[in-house]
Structure formats: structure tokens, C-alpha cells
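Reckoned from all heavy atoms, side chains included, excluding hydrogens, waters and symmetry mates.
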Amino acid sequence: IGDRLGEANVLQAIGDVQQFRKQSDDALQSYQRALALFREIGDRLGEANVLQAIGDVQQFRKQSDDALQSYQRALALFREIGAKLGEANVLAALSRWQVVSGDLHAAEAQLQAALALRRAIRDRYSEGADLGNFAIALLNAGRPEKALVYTQQAREIFVEIRVEHLIELMDRVIIACQGALNQTEG
């Protein structure tokens, strides 16, 4: 029927499923096709969302420089069109990218910028998710002392908004942080 927007959205959704299934090459192909369509029809929001998704795949594949470039392009588009949710999503992704890259100061600055946007749009759930994901990135990077602080903050939000499965997840992360701290002390 010639619906280019519908086709682009479906390609992006297919890429999301492929990425979830750890089929990174296929996901990148689907995202690249979606990106071309979004650009063709002038859908800047679609373009920004796909660029972020491409950055996520590149981050998963340890293609740090490429991921940074995709995230920066997505961030510029989100800011250009005033999409605060997208901007916050990219800033949160960049904060985790910075943890992996070893720049904790920049990582925390990116996270705080993401959290400020979350608060501005009253997205408490994503605020907790950003804190929890950041904590997990810190734990994986060997920073259990910092991870514990952010995990506890995430847990408080999930208690406040009553998301039981994420409270339980944060409890497991807290235990993992404490275990890692005990190993470094012992």
C-alpha cells in the first residue's frame, strides 16, 4: 500500500526483536533499512530513535567509537526536535557508555542530566531504571561501592512506585554489590 512510515516502524520493531535475540548483524541491517526510510520521509523522531537503537547494538558489540557517534547523532536530533524523553534515553545510554569507557566523572554527569530530564517530565519509573542500569554497569566495571549507592536509590524509587519485580531485582544487585565488596576486603 506504499506506507513508508509503517514499513520503517515495522523494520525498527524487527530490529528490536533481533537485538533482543542477540542477532546483532540482522538487527543492524533492519535498523539501517528503517533509518533510510525515516530519512526519506523526513521523520526526525524515527531517525533519532533508530540511531539510538543502532548505538545500543554497537555498544553491545563493543564498538565503542561507533556507538558514541550514533548516540551523539541521536542526541542532537532529539534536542533539535525537543523530544525530552528521547534525550533522556540517550543521556542514560551515554552514562553507561562512559562507565564502560572508564570515565566515571563524565558518566555520573551524563546520568544526572538524564535524571533531571526524567524529573522534568515526571517519569519516575525511568528514573529508577536509569539508576538501576547505571548501578549494574558500575558493578560490571568493578565499582561495587558506587554501584551499591545507585542501586539503593533505584530501590527506593521502585518501592515508592510499587514495582515489586524491580524491587526484587535491586535486592539481588545489592547482594551482588555486597558480595563483591566482601571479596575486595578479604
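- Leu77 and Ala48 make their closest contact through CB-CB, 3.7 Å (heavy atoms, listed as atom of the first residue, atom of the second, distance).
- Salt bridge absent: Arg162 and Glu164 never bring a charged side-chain N and a carboxylate O closer than 4.0 Å.
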Step by step, work out the side chain to side chain contact (heavy atoms under 4.5 Å, CB included) result for Asp3 and Glu7.
CA-CA 6 Å; Asp3 182 0; Glu7 184 178 350; over 6 Å; no

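- Between Glu87 and Lys84, some side-chain heavy-atom pair lies under the 4.5 Å cut-off.
- Closest of all the heavy-atom pairs between Ala92 and Arg118 is CB-NH2, 4.4 Å.
- Between Ile54 and Gln32 the shortest side-chain heavy-atom distance falls below 4.5 Å.
- Residues Leu75 and Leu45 are members of one and the same hydrophobic cluster, defined by side-chain heavy-atom contacts under 4.5 angstrom among Ile, Leu, Val, Met, Phe, Trp and Tyr.
- Of the charged side-chain nitrogens involved, none lies within less than 4.0 Å of a carboxylate oxygen, so that Arg96 and Asp56 do not count as a salt-bridged pair.
- Distance alone, capped at 3.5 Å, is enough to place a donor-acceptor pair between the Thr184 side chain and the Leu181 backbone.
- Looking at heavy atoms from C-beta onward, Asn89 lies out of side-chain contact with Asp130 at the 4.5 angstrom threshold.
- Trp97 places a side-chain N or O within 3.5 Å of a backbone atom of Ser64 that can act as its donor or acceptor partner.
- A continuous path of hydrophobic side-chain contacts links Leu138 to Ile136 [ILVMFWY only; heavy atoms under 4.5 Å].
- Hydrophobic clustering, with ILVMFWY side chains joined whenever heavy atoms are under 4.5 angstrom apart, keeps Val99 apart from Phe60.
- Remark: the Ser30 side chain and the Gln12 side chain contain no N/O donor-acceptor pair separated by less than 3.5 Å.
- Of the inter-residue distances, the one linking Leu28 atom CG with Gln63 atom CD reads 7.0 Å to the nearest 0.5 angstrom.
- For the pair Arg172 and Leu169, the minimum side-chain heavy-atom distance is below 4.5 Å.
- Smallest separation of non-hydrogen atoms from Leu115 and Glu127: CD2-CG, 3.5 Å.
- Between Phe78 and Leu85, the closest side-chain pair of non-hydrogen atoms is not below 4.5 Å.
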Assess whether side chain to side chain contact (heavy atoms under 4.5 Å, CB included) is satisfied between Gln98 and His105, documenting all intermediate values.
CA-CA 9 Å; Gln98 292 285 358; His105 179 72; over 6 Å; no

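- Across all non-hydrogen atoms, the minimal contact from Ala53 to Tyr31 is CB-CZ, 3.5 Å.
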Begin with the C-alpha distance, continue with both residues' side-chain angles, and end with the deciding distance and a verdict on side chain to side chain contact (heavy atoms under 4.5 Å, CB included) for Thr151 and Leu131.
CA-CA 7 Å; Thr151 306; Leu131 288 162; over 6 Å; no

Do Arg155 and Ile174 pass the side chain to side chain contact (heavy atoms under 4.5 Å, CB included) test, and can you show the C-alpha distance, the side-chain angles, and the key distance before you say yes or no?
CA-CA 9 Å; Arg155 187 184 189 285; Ile174 288 169; 3.9 Å; yes

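- Residue Phe134 comes nearest to Ser95 through the heavy atom pair CD1-OG, 3.5 Å, listed as atom of the first residue, atom of the second, then distance.
- Shown here for Phe158 and Leu166, the closest heavy-atom pair between the two residues is CE2-CD1, 3.5 Å.
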